[in-house]
Amino acid sequence: METRDIKKLNDQFIINTYGERKLALVRGEGTNLWDADGNEYLDMFAGIAVTNLGHCHPAVTEAVCEQARKLVHVSNLYYIEPQVQLAELLSKHSFAARWFFCNGGAEANEAAIKIARRYWAQKGTPKPVIIAAEQSFHGRTMATIAATGQPKYHQGFEPLFPGVQHVPFNDIDALGNAVDADVGAVLLEPIQGEGGVNVPDEDYLGKVRGLCDEKQVLLMFDEVQTGLGRTGKLFAYEHYGVTPDVMTLAKGLGNGVPIGAMGCTEEVASGFDVGSHACTFGGNPLSAAAALATMNVLVTPGFIEDAARVGAHFFAGLNQLAGKYDGICAVRGKGLMVGIEMKEPVAPLVQKLLEAGIICGSAGPKVLRFLPALIITSAEVDEVVSKLDAALGER
Ligand SMILES: *Cc1c(COP(=O)(O)O)cnc(C)c1O
């Protein structure tokens, strides 16, 4: 099918939650994508921080094909070999002792919210309130839109799930004032993604950890976007010398095969017992095999360090542009999670870059966003910087 045929069927049969799109992408390899009309693009968005190893990474493709020939699905009524191997590998490389698997980020955060509530209920000291940050994004289910600190995601869905309070991100005093005896958990993205690529002060998360310890509150990091190498470490919390009690993962976990995970300490894991939570597809053989193969590449010595180096090179180039153009207010992010706040709405810029063969995105109206695969090269980011320079120069 050509793009116009695909668009025609979409407009007739798909519920219009995504609006008009420019492209129908039909093939990918590494950092390249091709549309239905045969045009090639450099992918600087990786399916929203999902295909962190690049499109159709051979190790993941091989693992998926092999698993698909052997066993695609059995339920969690049975032990699942690749799922337990994945959990062991994730634990080896993180603070978390135990894992619950599901299908995506919102479900992982639902599991986190549920285990926090149940953990305190089980202890006989119910503390149902969860504190989250303004400008956060935690997903689109009813509990996770309530946790999401952006009113635009709430409109028309009220009444919202109760028991969530919001405080400004990166403001330890506001958090301190909000924590009372009803608060059982604090849920934060270590670096906010959809809310504008907001990086906290170096000492903020450490102070949050201290406060949570003092007040006996669980600290839960939503690493759905920041995890799996995106910020130049396997998990973003590693930058800050802070470990949470609970962490959620999804986007990059299966390199495009849907899977989410909630990991926690042994202590918090006791909040769930037999029958208290479940997920039909969660960590099924196919998705777990994809995630296991993905993790094995991510933890290869040097892999994430190389990505961090390319990220630093990219930031250097972007900061040079920031010195040259008044329209750039700030360049923010870490590793290969990049946001450029502009004075003007960025939609026309995204379009210009697309016309120059570069796929990128935005985080809100005025933040241009790049989330390339971690295999992106210095030469490729140089190309992006020079095309962005040209696009800004034309304005
Ligand atoms: C994308 C995202 C989610 C939601 O993930 P889904 O898989 O779309 O449900 C949750 N939290 C963060 C930080 C995200 O970036």
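Every number for a ligand or one of its atoms is a count from 1 in the order of the listing. Index from 1, following the sequence. Values below: every heavy atom of this structure, side chains too, minus hydrogens, waters and symmetry copies.
At a heavy-atom distance under 4.0 Å, no atom of E107 approaches ligand 1. Only side-chain heavy atoms of E189 come within less than 4.0 Å of ligand 1; its backbone N, CA, C and O stay farther off.
Considering backbone and side-chain atoms alike, F137 places an N or O below 3.5 Å from some N or O of ligand 1.
Counting only heavy atoms of the protein, atom 9 (O) of ligand 1 lies nearest to A106 N, 2.7 Å. With hydrogens left out, the protein atom closest to atom 11 (N) of ligand 1 is D222 OD2, 2.7 Å, a heavy atom. Among all protein heavy atoms, the one lying closest to atom 5 (O) of ligand 1 is G105 CA, 3.2 Å.
Counting atoms of ligand 1 from 1 in the listed order, those under 4.0 Å from a heavy atom of G104 are 7 (O). Heavy-atom proximity to K251, at under 4.0 Å, picks out these atoms of ligand 1: 1 (C), 2 (C), 3 (C), 14 (C), 15 (O). Atoms of ligand 1 lying under 4.0 Å from any heavy atom of N109, numbered from 1 in the order shown and given with element: 10 (C), 11 (N).
Residues N255 and H57 bring no donor and acceptor atom of their side chains to less than 3.5 Å of each other. Side-chain atoms of T226 and E223 form a donor-acceptor pair, as typed in the model, at a separation below 3.5 Å.
You'll find the ring centres of F370 and F314 inside the 6.0 Å limit.
In this structure, E355 places its CD atom where more than 12 heavy-atom neighbours from other residues, nucleotides or ligands lie under 6.0 Å away.
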